[in-house]
Peer 1: 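Got a structure for you, written out below as structure tokens; questions coming shortly.
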Amino acid sequence: MMGDAPDRPGLSALFYRTALLLLPASLRREAGRAMESTFAEGWGAARNTGGWLGGLRYTMKEMADVVRTSVRVRLRRPARRGKQHPGGGLRGLSPLPSTSVEGVIGAIWMDLRVSARALLKRPAYLAVASLTLAGGIGANAAMFAVVNSVVLRPLAYPDADELVMVHYSLPRFGFERGPLSYHNFKALESRARGFSSIGAVASTQRTLVGQGHPRQIRGWRVSGDLFATLGVDAAVGRYLVPVDDDLRAPRVVVLSHALWVNAFGGDEGAVGTDVRLGGQRHTVVGVMPADFPPLGDEDQFWVPLALDSDEMERGSNLLQGIARLADGVDLREATADAATILADEARTWPEDADRAAVLTPRHEYVVGSVRHQLLLLMGAVGVVLLVACANVAGLSLTRGTQRAQELAVRTALGAPRGRLIRLLVSESLIVAGVGAALGAAVAVSLTRVVAGWGAAQLPRQELLSVDASALLFLTVAAGGCAVLFGVIPAFTAVRSQIGRTLKDGARTAPSHRPQALLAAAQVAMAAVLLVGAGLLGRSLALLQEEDPGFRPDGVLSAFFALPNGSPEEQIGFLDDLEGRLRFHPSVESVGVSWTLPFVPGEASTKAMRDDQLLAPRERTDLYVTPVTPGFFRAMGIAVLDGATVPGSHSADDPPVAVVNQALVDALWPGEDGVGRTFLRGGGDDPTPTRVVGVVENMRTTSLAEAAKPYAYVPFAQNVWADRAFVVVRTSGDPLVLISTLRSVVRELDPTVPIDRVATMSARIGDSLARPRLRTTLVGAFALLGALLAVLGVYGLMGLMVAGRTREIGVRMALGADRAVVRRDVVRQGLGVAAAGLAVGLIAAALFVRVVDAYLFGVDRTDPVTWVGVAVLLLSAALLALIPPARRASAVDPLVALRAE
Amino acid sequence: MTRDDPTPSDAPLTPLSHAILLALADGDLHGYNIVQEVESLSGGTLRTGTGTLYAALQRMAGDGLIADSDTLPGPDEDQRRKYYRITEAGRAAARAEAARLQRVLAIAARKDLLPGTSR
């Protein structure tokens, strides 16, 4: 069940061995291995009689026994020595615990109550410390919940780790993971020994008519073995099987759970009925379960692959493979096997010669793109928690200093040192516990916020929740914090303060060295965060200033499917649509395009000059989209040369195109493009196409990448388009036009769905959502860290001034200037901050590499960022030093000296 | 602090210590054998966790009631196994505990509190 061989405890033994670390070293040395052996035998017996559940139960019981024993053995010792402490004047502290578990719990409870009373006497410390921790712990738990839900949790397939994506690299097009052809897939299916089964998928979209409004739904064409490969059964009815995957077979469809609920009200009777999908009747044969992991961003239905003869051509690469590794085969062996088979295939099809099989674990394929960013954020928020711990440690050290007198008296009255440590530790535990409880609330609300922001940005975000493992993480983090900020200072306080304090009545200034180190450490960590955040922020700012190549303001766009009919009818529909929309008073211009910038789905092919003859792979990459003549004006794309009207050309005329400057630069660098002819296509028979106009370059997928060569062609000469985007430029608010757009389309043809309506500004904004999200988060973490660090410096200097009141008083009585006293405080404080800053900048230089992948337009050595961070931190520290400096210079020598 | 001469006045043995001594009375055993033997001697009422067992064994060895056995795990056995034997002091302690229980029994009989004799 848990990867254990049936007769060996494996994982359980590992857990048990770890638990043994709780025992005193003497017992571990003497009997640790024997205990492991006994555990293994007992586990085997439990496993034999009770199955894996029996084994699990035995493991739990044994681990609980180790925990109990570890407490008992330790308590046994002092009791057996028979020394009784009188209690040492620790009013209210429990008597020495008896060896019984009840006694221990009672003693702990008593400690906690005493500590709680002590804390409540100074509620400010409790409030500040627990709130600081709550912020740090909560942010960490929220981030962990995101990482856990999105990255760590396995996909909901049986034996999900055996599933791999099969791609074919396509260096020519810069695809690391390119699609397979039907031939490739068939060869793998019949010959690959590394796979126990393999399926193929291709994304598709269809218009669903008859269930409410006509709508465009997205789904997948899947080969017959796909569902069997994934191993997930249908929730209702059946999934698709090999006999379905045939052009002559009856048309069938499997619905997603969400579509079934939306369009069919979750009625089981829907299975067996017919729906109209993409103009054809399909029988619903099944519904997949709600937790079936989607193949892509949006899975609403699955239909058989049923490729037509064109799609089966060797040059047609449109499939992604999903395979299950055969038993005992690892990824490397399977890759080598697939590579051999595809290399065989390439021998008869030289086009594929430079390609290579690429296998990616399914889980990595789904989460790979965000894993690094999420881990980056996790690291950043972890540093914030460290800053918070250092901050609270400083507070708690300060508190220890203030209580030195009290602790010293208690020691003098006979309280054992261990008891004092217990008292201080239980105080830390209370603070950490309150911090964790508040942190849980912070985590839940932060997770909601992240889920809202990240909606379209994270894969698997539907799983996002603060679950048991997130709460466990939170508990462990809180415990770790308690150790970091509580236990170490507790030992320091008890060891260093006691003897001296009573001896000299705190006449000399106490050493603040630990506090100074903590404050400097906070500044250092804050500096690291700020450098990262600064670089990301500069990148985002530069990215936002990038010119997309069109004017997005006031432009509304929407997706629609062209009605079924002849090409002439479809062109007629486009004309009518544009005509009616243009008629509307607030509309300035209207255009239609097959693809749209910042919407996935560009189509690429190849191009070369008509006076060259190049092998396909040496030709220039070219992206093609049919457009109507109004498109350029509606988008606000500047026309550099020639006509903007490829629309007046009919299907019978020689092919023409308006191209962008990037294509002209690629084919005819430094020359005019208009009037020239290029050859379009990647095959043996490319289409000669005459350039009738040249337009400005346009960014189409990301503001961060260079514009691609584009050819805009008339719809009339490119009848393969069955869907398009309409683009409307308006003088007013573009969103007001949405209802107009819908009603115009409905009047023209009620079966045409309108979908994915958005302004172009919003589409560009969406493309920036991920950089913006990570920059915002890292920035927020950095500012939080900086704030805490500055507070740390403030607290440190406040403490120093308070501890040196007498010394300052003496100096002033001897004639020292108030300004000199002030300057001393500022100089010391800035010294600590500068030392921290120096260490932080060095650390940042070591770690800055992790944000390299997200930088745009700036180098990691960007001087603005580095100098900015230094200036920001030092001036913030300076501000924080004003109050303590004032307080120091306000010391009244008479009062200070009399206070003795 | 070994107790070479345990007397009846010594504190009573814990049920687990007594059961361990009884289990080892017939011969040397390793940990898991002891667990099983203790359970069967007590009619299934005394089930000990591994941690508890070894803590008790360590304490009893410290008190001189038991000691490491000269028996080593055989070639087919788990080499991590460790065998224990009862010492003379252990036998004496077990005997003393039995005597104490006997006295308890006698008292119980006088008070008519033995099982199966209720009025």
Side-chain angles (χ1 to χ4, degrees), chain A residues 7-9 12-13 15-50 54 57-77 79-82 99-101, chain B residues 1-3 10-17 19-20 23-24 28-40 44-85:
Chain A
D7 52 347
R8 279 191 316 116
S12 306
F15 280 138
Y16 189 72
R17 200 175 312 146
T18 312
L20 288 184
L21 292 175
L22 290 171
L23 296 175
S26 69
L27 180 53
R28 254 195 349 258
R29 249 196 325 273
E30 213 167 278
R33 283 165 54 77
M35 292 176 78
E36 285 173 32
S37 148
T38 302
F39 170 80
E41 291 182 61
W43 187 89
R47 171 78 198 235
N48 279 341
T49 52
R57 213 177 281 140
Y58 179 80
T59 308
M60 305 286 282
K61 233 167 57 193
E62 283 288 306
M63 291 187 33
D65 184 64
V66 169
V67 174
R68 254 193 325 265
T69 307
S70 72
V71 176
R72 264 199 220 124
V73 173
R74 286 199 172 79
L75 292 173
R76 189 168 74 193
R77 291 173 181 165
R80 286 177 71 83
R81 267 186 254 122
T99 48
S100 73
V101 172
Chain B
M1 49 172 181
T2 54
R3 293 185 291 188
D10 263 3
L13 289 173
T14 65
L16 177 60
S17 307
I20 291 173
L24 291 174
D28 302 355
L29 297 175
H30 64 77
Y32 188 60
N33 281 160
I34 301 179
V35 174
Q36 289 174 310
E37 193 63 21
V38 163
E39 191 174 334
S40 89
T45 59
L46 196 56
R47 291 173 190 224
T48 170
T50 308
T52 307
L53 175 77
Y54 280 91
L57 291 173
Q58 189 193 31
R59 192 189 65 229
M60 292 167 71
D63 290 349
L65 302 179
I66 59 168
D68 291 356
S69 159
D70 298 332
T71 314
L72 293 175
D76 302 340
E77 279 182 75
D78 186 338
Q79 292 302 309
R80 297 173 299 183
R81 275 181 183 174
K82 194 173 164 188
Y83 283 82
Y84 293 89
R85 67 178 170 83

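Per chain, numbering begins at 1; letters A, B, ... match sequence-line order.
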Peer 1: So which of B:H30, B:Q36, B:R81 has the largest heavy-atom pair count under 4.5 angstrom toward chain A?
Peer 2: B:R81
Peer 1: Taking all non-hydrogen atoms of both residues, which atom of B:G51 and which atom of A:Y16 are closest, and how far apart?
Peer 2: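 Shortest heavy-atom separation between B:G51 and A:Y16 comes out as N-OH, 4.1 Å.
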Peer 1: From B:Y54 OH over to A:T38 OG1, what is the distance, rounded to the nearest 0.5 angstrom?
Peer 2: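 One gets 2.5 Å once the value is rounded to the nearest 0.5 Å.
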Peer 1: At a heavy-atom separation under 4.5 Å, does A:S37 approach chain B through its side chain, its backbone, both, or neither?
Peer 2: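 Answer is both: backbone and side chain atoms of A:S37 are under 4.5 Å from chain B.
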Peer 1: About how many Å separate CD of B:Q79 and CZ of A:R33, when rounded to the nearest 0.5 Å?
Peer 2: 8.5 Å
Peer 1: Would you give the length of the straight line joining atom CD of B:Q58 to atom OG1 of A:T69, rounded to the nearest 0.5 angstrom?
Peer 2: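 Reported value, rounded in 0.5 Å steps: 11.0 Å.
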Peer 1: Report the option among A:M63, A:E36, A:M35, A:K61 that has the most heavy-atom pairs separated by less than 4.5 Å from atoms of chain B.
Peer 2: A:M35
Peer 1: By a 4.5 Å heavy-atom criterion (distance strictly below it), what part of A:E62 contacts chain B: side chain, backbone, both, or neither?
Peer 2: side chain
Peer 1: First locate atom OG1 of B:T50, then atom CH2 of A:W43, and finally report the distance between them rounded to the nearest 0.5 Å.
Peer 2: 14.0 Å
